Structure formats: C-alpha cells, structure tokens
2 protein chains.
Amino acid sequence: MPNTPSNRRPTLKDLAREAGVSLASASYAVNGNGSVGEQTRAHILSVAQRIGYRQNSAARAMKTGRSGTLALLVPDLTNPFFPALAQAVFRAARAAGYTMFLIDTEGNEALEQAALAKGVDLGVDGIAWFPIRDKDTSAGVLARTPVVVLDRTVPGYAAIGIDYLDAGRIAARHLLDAGHRRIGIISGPTDIASMRDRCDGAEALICGEGALAFRVENAFSTDLEPHAQAAITGGGATAVFAAADVIAIGALRYAQANGLRVPEDVSILGFDDIPLAEQSLPPLSTIELPIEDIAQHAISELGKQIGRPHASSAALRIVHTRTRLVPRLSVRLLG
Amino acid sequence: MPNTPSNRRPTLKDLAREAGVSLASASYAVNGNGSVGEQTRAHILSVAQRIGYRQNSAARAMKTGRSGTLALLVPDLTNPFFPALAQAVFRAARAAGYTMFLIDTEGNEALEQAALAKGVDLGVDGIAWFPIRDKDTSAGVLARTPVVVLDRTVPGYAAIGIDYLDAGRIAARHLLDAGHRRIGIISGPTDIASMRDRCDGAEALICGEGALAFRVENAFSTDLEPHAQAAITGGGATAVFAAADVIAIGALRYAQANGLRVPEDVSILGFDDIPLAEQSLPPLSTIELPIEDIAQHAISELGKQIGRPHASSAALRIVHTRTRLVPRLSVRLLG
DNA sequence: TTGAAAGCGCTAACAA
DNA sequence: TTGTTAGCGCTTTCAA
C-alpha cells in the first residue's frame, strides 16, 4: 500500500520515498541526465509509472528558468492563413523540442497586450508574435523575453519578414507577361505596411510597363465595397490584382454575378494562397506566402535568442523570405 | 540607481528591497489581497512599475496550485469549425477569468497524448479536450486534472455533447418537409460516433417517410471519392444530406461540374455551418452547431471541477446541446 | 499594518 | 553511483 496520499498528485519526494532512493536519484532517473545505475533507474521509472508520477513543470521551470514552451500569437484564427501558419510553426517548434501554445489575439490590441504579458508571466521561453498591426502594444513587457515578430516589423524586435515589394513585383510581372496592360489593384487596408508594399511593388511595375486602371481599397472580406465593385465593372481593367485572396474571391464572385467571365473578360490574381483559392471556380491564380520558411526562421531565431541570454540589444536580425507565384486559371494569357 | 542587476528579471525580493519594504508587503501590494497601508501600496506599485517587475507565474502556480490558465485541444485547426469553436471557448474562458491556450493535435494520437501530458505537467487548471476520435489516448495522465470532453465522449470524463441523433432528424425533417422523398446520405468517416448518430437519425426518418436513395461514406474533404460521385450523379436522389459541410461543398461542386443544377436538379443539405457554407453558390443550407453553448458549458463545467477539488469520481455530467437548421438556397422546395 | 520565516516541487552543486 | 542540501520566486501563517 503506497504511502502517498491518494488525493494529492505525487511529487518527486513521494516517488523517492516510494522507490526507496534519494530525491536526486529520482530526479536523475526521471530526467535521464545525472548518473544512476541502470537497474536503479528502471526501478524508479516503474514506481513512477505505478504511482502516476508526473513532473511539475512549474517547479521545474522555476528552478531552471526554462519551461520548454513557446507561445505563438496570431491576430485572427478565422482568417485561414493563420491556422496554416500555426501548424507550420507548431511543427517547427516540435522539431526543435518545444511545445507551442497558440493564442488568438482576436484583432484586439488590449487582448494582445494582455496575452503578451501573460506569456511572459507564465515563463514561456520565447514568443513568436504576429502583431495585429505594425504597432508596438508590448508596453515594455517583453524586455527580457526572446521575441520574434512575424510578417510585420515592430521597432526593437527581431523579425521574419516577407519581401512584399518583391511580391508585388512578382504579381505585376505575371500579369504583364500574360499580355495585360490596363491593370487595376484592389488593396486591403493600407494601415498595414505589408499591404502597402505589395501594392506599391505592383503599381511601380504596372506604371512602368502598362497603365494603372485603378487602385482602390477594400476591407479584408469577400464583401466588396461599392467603389471596389464600380472599379471592377467600370474600371476598364483587363486584369485585377487583388492584394488578398479573400478580396480576390470576392472580386471573382462579384464579377461573375455581374456577367463578367473570369478569366475571359477579366483576369484576377490574388495573394496569400489560402486553401479556398484552389477551390474557387475558376481556381485562383495567386501568390503563395513562404509559410514553411517563416516558421523555420522564427523558431531558429527564437532558439538563438534563448541560447544567448541577452544579446537582445545586439544587431536585430530581420530575415526576409520570398514569395512564389502559383499560376492557376483565373489569369488569361492574352493573345 | 537601482540595485537590481539589469540583466535579470526583477523578482519580488528586488521589488521589496527597492521599495524598502518586506517581501510580504510587496506580495500583498502586487496581489491586492493582504493588508497594506494605502500609501505603502501605492509606493510599492510605482516602484514595481519603474523597475519593470512582473509576477513569475511559475512560482506563483507552484505555491498556490493554480495557474489561471486552461488549455483547449483541437484535432485540426485547418478545419474551419475549430477556429470558430476556439474563439468561442477563448471568449468564455476570458469571461470566467482564465487565460486559454490552444493546442492543435493535428489528428495525431501520439501528439494528442503528449499535449495532454504537457498540459498537466505545466499545471494548467483544466483542459477542454476535443478528441481526435472517440478514443481515450490520455493513458491515465489526466487523473487529477479537471477535464471536459467536447463533442465526443470518452469514458470517465465529463462531456459536452451535441444531440446528433436529433440533429440528423432535423436535417431529414427539413428535406422531407420540402417535399423530397428519395433522399441520399453522404456520411463522413463513421468511426466517429457523432457522425454515425447524425446519419442514423436522418436515415431513420427518411426510411420512415420516404426512401433512402443511398448512404455512402466519404473522407472529410471536398474531394469526393468515386462511389460518392457515382451516388450523386446516378443515385436517383432529389436531395442529398451531406453530413459535413466540407463534403457538402464537394458534392455541390461535383454536381455542378457534371451538369446538375443545385437546387433545381438536386438539393444539398450540409452540416456544421462553416463560414464557407454561406459563401458557396448557391449558399448552402446546413445545420448549425451550438458553438456558443458548447463553449459556455465547457468553461462552466471546468469551473465546477476546479472549484470542487475531487468530486471527479462523482456523477459525470454529460450536457447535451441542440443544433439548429440554417435554411439557405441549396434545398429546393418541391412543388 | 508590517515583517520574518517556512515551505511549495524541483534541480544541481557538492560530498560521500 | 548515490545522497545531502541549498536555493529558485513566491505565498501565507504567525508574531511583532
């Protein structure tokens, strides 16, 4: 009959007592690091199994200052880009031996700040942070915690960026190469630098080698606002670069609902390559974000910062990853 | 000049020293519970602010046995149902004063087990668990941690269920009421009880008041397998109940790609009400899951278990929530 | 109202 | 190889 009070979760001490060894031996056996005789270890482990011993990571974390956990903050899980990114980051974290938690900041800056603080308080070893906007809501809370900002840039933090100017150029290049000259742009909300960049990149090239039919802005939604609707039906563009797939899908639907065939009458190029893009009719040509690259770089950057306690004030790495064109059927090759 | 070594995160001790008070007073001030003079507290708080003091929740959790955090495990974040559920659960948790972390078990039972264990080890106060299948992968790890199982049932755990038999009946009722008599069912993977139930519920009613044209199974995907394709084009049904929206969307597309108009030639009723359902052409009639109810009940059940240390062996609550029909345009009312 | 001090469960020197 | 022991940062009882 075990001496362990059955209503309490067994501790290392219980385990040691139960197995008739010292605390240290029990700890070594459980962590597999110190030196314990092979049979001692086996015995301890079997007792652990029997009494249902589990590490108390809080205590362990307190002692070692490491919790083996990372947090990922994303602004909106219902935007299909983020689950995809999250899975990639989860995988990368797992490969590096970390357990990753996800927090949805729900587009709410107060929540974002609270989540950042909570992460720090709980002692996660690092935070991969996809900010709601290009704004530092951290209020100094992150001073001593490894952080890497994803996709955006927040002054003072390492970041994994995407070369959006280049991405915009890739988009424009594709349309131009397909023979289009009058090209319109439907931008997403421009308070986000990455959005401005991709549109600026595209616009520069379009103006250089063709003509910008229009450049309008629309919310991050498949519902097109009136001016965007007007641009599509009356803007005179043979091709439209919609700087986000959700908007592109909205444009596609709007065009079709108004008697325009895609791509025969108007070509549409999206951006993001969300799962839905492949399944629209016609399948949407789009620009794919280097999700895997971002995930890899993010975890490796975090790993570096965690390894090297405080070089945070040292050179802040900003890694740039590149996008790729995914040609499908929504862009027409002009004769 | 503060005496706090600047490269280390300030501790309560640092705060107490810096403010010239005892550890206890500092703790009281920070937590707002013990008794401290008004000015003492204000002073301590301002010093805390200045030196950037933050609680170390790991230490706090170790002492109190409570971390103020909950974990939510879901099987697949790229299935749009889960982000929606996650957001609802996050909100409910927040309203109850908890911080919630999300873990995607990625349909992998080994990962699920590891996540469960990690949650327990980290000392979360409770776990809301949406299992991959109706299978207990917990390996006894959860013995002393409050747990509530979502949507499925796992022996030995409290659960928030959905009355799927009833849901299937609601689906069949809708089709029958619209005048359909030859009705087919495309089921999802039937190793999941909830899937069997909704189909069984529908089938019973269909057989009673009409005729079952076919009942086939398909993976949880918009890609239809050959037998499902054949059933749609050659099964002779005027209406199809696809027991998951993703499958319904696949059926819709397949039908349309093969010259069948929806709902003129064939009606399609889905299940889940994922965001995409509203945006398909035609908008998909479907059955809505009571996400908010599930979230509320889950958090409240967890709250009860956390409050009452160990009534776990007591009566296991199984709460049942009800679904609702969301009529849109993919079901035709027969003359 | 304030402070001293005892641990929470664990790790890692260090000693044996 | 094994055991003893000093804390990690915090809360909280108890005494002042």
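Below, chains carry the letters A, B, ... as their sequence lines are ordered, and counting in each starts from 1. Note that this is a predicted model, so its numbers are computed, not measured.
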- Over how many whole Å does the gap from Met62(B) atom CE to dC8(D) atom P extend? 12 Å

- Note on the structure: One should read off an interatomic distance between Glu292(B) CD and Leu85(B) CG, to the nearest 0.5 angstrom, of 9.5 Å

- Query: Roughly how many Å is it from OH in Tyr28(B) to P in dC10(D), rounded to a whole number?
  - Reply: 15 Å

- Rounded to whole angstrom units, what separation is found between the CZ atom of Arg17(B) and the P atom of dG9(D)? 12 Å

- Nucleotide dA13(C), atom P - distance to CG of Asn31(A) in whole Å: 14 Å

- Message: Just N and O in the side chain of Ser27(B): are any of them under 4.0 Å from OP1 or OP2 of dC10(D)?
- Response: no

- Task: Name the closest nucleotide to the Arg60(A) side chain, picking from dC10(D), dT1(D), dT11(C).
- Result: dT11(C)

- Item | Verdict with reasoning, Glu112(A) to Thr137(A), per side chain to side chain donor-acceptor pair (under 3.5 Å) | CA-CA 7 Å; Glu112(A) 179 173 62; Thr137(A) 56; 2.8 Å; yes

- Message: Need one value for Thr64(A): base, sugar-phosphate or nothing, where a base atom within 4.0 Å counts as base even if backbone is also close, heavy atoms only.
- Response: sugar-phosphate

- Note on the structure: Testing dT11(D), dT2(D), dT2(C) for proximity to the side chain of Ser35(A), the answer is dT2(D)

- Query: Separation of Lys63(A) atom NZ from dC10(C) atom P, in whole Å?
  - Reply: 13 Å

- Message: Side chains of Tyr157(A) and Ser138(A) only: does a donor on one sit below 3.5 Å from an acceptor on the other?
- Response: yes

- Asn56(A) CG - dT11(C) P separation (whole Å): 9 Å

- Item | Nearest-neighbour nucleotide for the Asn33(A) side chain, dC10(D), dC10(C), dA12(C) considered | dA12(C)

- Message: What is the distance, to the nearest angstrom, from the CG atom on Asp14(A) to the P atom on dC8(C)?
- Response: 11 Å

- Item | Residue of the set Leu289(A), Asp151(A), Asp134(A) for which side-chain contact (heavy atoms from CB on, under 4.5 Å) holds with Ser194(A) | Asp151(A)

- Is any side-chain N or O of Thr11(B) closer than 4.0 Å to OP1 or OP2 of dG9(D)? no

- Could you state the atom-to-atom distance from CD1 of Ile51(B) to P of dG9(D) in whole Å? 13 Å

- Task: Answer yes if the side chains of Gln113(A) and Glu109(A) hold a donor-acceptor pair under 3.5 Å, and no otherwise.
- Result: no

- Ranking dC10(C), dT1(D), dT4(D) by distance to the side chain of Ala24(A), first place goes to dT4(D)

- Using a cut-off of strictly less than 4.0 Å, decide whether Gln55(A) has a side-chain nitrogen or oxygen near OP1 or OP2 of dT11(C). yes

- Could you pick out which residue, Glu38(A) or Ser25(B), lies toward the 5' side of DNA chain D when each is mapped onto its nearest nucleotide? Glu38(A)

